[in-house]
2 protein chains.
Amino acid sequence: MARVPLDKTDRKILAILQTDGRLSNQEVAERVSLSPSPCLRRIKRLEESGVIRQYVALLAPERIGLGLLAYVNVRLEKHSDAAGAAGSRSPRGDFAASVDHWPEVVACYAMTGEMDYLLRVHVEDMEHFSRFMMETLLRHAAVLDVKSSFALQRVKDTTALPLV
Amino acid sequence: MARVPLDKTDRKILAILQTDGRLSNQEVAERVSLSPSPCLRRIKRLEESGVIRQYVALLAPERIGLGLLAYVNVRLEKHSDAAGAAGSRSPRGDFAASVDHWPEVVACYAMTGEMDYLLRVHVEDMEHFSRFMMETLLRHAAVLDVKSSFALQRVKDTTALPLV
DNA sequence: CGTGAAACATTAGCGGC
DNA sequence: GCCGCTAATGTTTCACG
């Protein structure tokens, strides 16, 4: 949970793996001017300390038929609880659990401001979005109000975090 | 740019690599009940057709000192152009180019609705955010107005797209 | 941190369904 | 067309200096 201290070499390694997560350890070692074994030890340390959370392949949405990206702000009914007792069936807990099962929703954060949640939603087209709204999101008992915006153009979208 | 047709095995492979992008080809092959060579041929095809765009390591923001996540809506001054001539210095073009250089901004989309852009911004804390706003974002000549919200809780955040 | 060696993975060519 | 075998080459990984 705490911050992990990183030296210059660690940061170099992270910068490389944030850009190309499938480079061989040998290749990484070469780029940071280390031999393979200390480089691997560092990478293992970064994995075990939780700095590197996961390795993934990123797909191109438009190549798999996901032509529309929406951000949806959601307001829930009276938020009665923050951390209800087990089995408490709070609106917020219910909503969070549901979101997990909706594959169109790739991100969901509880936010400050007027609305309670911000969702990022990938769908094929407006018809698919409409179906998702009518048959899934708006049917959820806890949902009071939603406001949607649609992406017109991607200017930037990276998973690479700034290394401070 | 067009959609790539995927059969059931392709989708299985993508589901696996979206979750663990560093699995060996052998391991993937085993999980989809194929021998290594046809499996590798499929993965190569998915890479070359642009379905798999990139492999990356995902880092935990809180482990590297990025304790605050903000979404910032930005409105620009009068949008005069959509695709200006070379060297036209339009507000939108200028803004997009700047965003690319700001490492705190990991995502930026032009959006429908009142505001022109939605930014996702990772910073250390409120002080860092404040500095980013005062010294960077609000100093940009094209920026007219901003509205920020802050993440209170991550409910879900995945890079795995739904495979339709 | 680096070396070296065993275990393991990748990849291209070829034949078969 | 797509699958699977084989064999050469390259990579990972760990005990040890």
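A note on names: the letters A, B, ... follow the listed sequences, proteins ahead of strands, and every chain is numbered from 1.
Listed by first and then second residue, the ring-ring contact (aromatic ring centres under 6.0 Å, His included) pairs involving residues 105-127 of chain A are Phe95(A)-Tyr117(A) (not counting sequence neighbours). Listed by first then second residue, pairs satisfying side-chain hydrogen bond (donor to acceptor under 3.5 Å, both in side chains) with a partner in residues 141-152 of chain B read Arg75(B)-Asp145(B), not counting sequence neighbours. Note on residues 37-56 of chain A: no pairs pass ring-ring contact (aromatic ring centres under 6.0 Å, His included), not counting sequence neighbours. Here side-chain hydrogen bond (donor to acceptor under 3.5 Å, both in side chains) pairs that include residues 12-28 of chain B, with residues two or more places apart or in two chains, are Glu27(B)-Arg31(B).
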List the atom pairs, with distances to 0.1 Å, where a side-chain N or O of residues 131-141 of chain B and a protein N or O form a donor-acceptor pair under 3.5 Å, not counting sequence neighbours.
from, atom 1, to, atom 2, distance (Å)
His140(B), ND1, Ala142(B), N, 3.1
His140(B), NE2, Ser98(B), OG, 3.0

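When the side-chain nitrogen and oxygen atoms of Arg42(B) are compared with OP1 and OP2 of dC2(D), none of them lie within a distance under 4.0 Å.
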Next on the checklist: Wobble G-U and Watson-Crick pairs count when both distances are under 3.5 Å; given that, what is the 5' to 3' dot-bracket string of DNA chain C, with | for pairing to other strands?
Outcome noted: .|||||||||||||.||

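Bounding nucleotides for the chain B contact on DNA chain C, 5' to 3', at a heavy-atom distance below 4.0 Å, are dA9(C) to dT11(C).
Scored by the side-chain contact (heavy atoms from CB on, under 4.5 Å) test, Pro38(A) finds Leu34(A), Ser35(A), Arg41(A) as partners (sequence neighbours excluded). Partners of Asn73(A) under the side-chain hydrogen bond (donor to acceptor under 3.5 Å, both in side chains) rule, at least two apart in sequence or in another chain, do not exist in this structure. In this structure Arg45(B) satisfies the salt bridge (charged side-chain N to carboxylate O under 4.0 Å, His left out) test together with Asp10(B), sequence neighbours excluded. For Phe129(A), the ring pair (Phe, Tyr, Trp, His ring centres under 6.0 Å) criterion is met by Phe150(A), not counting sequence neighbours.
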Checklist entry - Can you give one letter per nucleotide of nucleotides 4-17 of chain D, 5' to 3': B if a protein heavy atom sits under 4.0 Å from the base, S if only from the sugar-phosphate, - if neither? => result BB-----SBSB---

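The main-chain N or O of Leu6(B) is found under 3.5 Å from a side-chain atom of Arg11(B) such that the two form a donor-acceptor pair.
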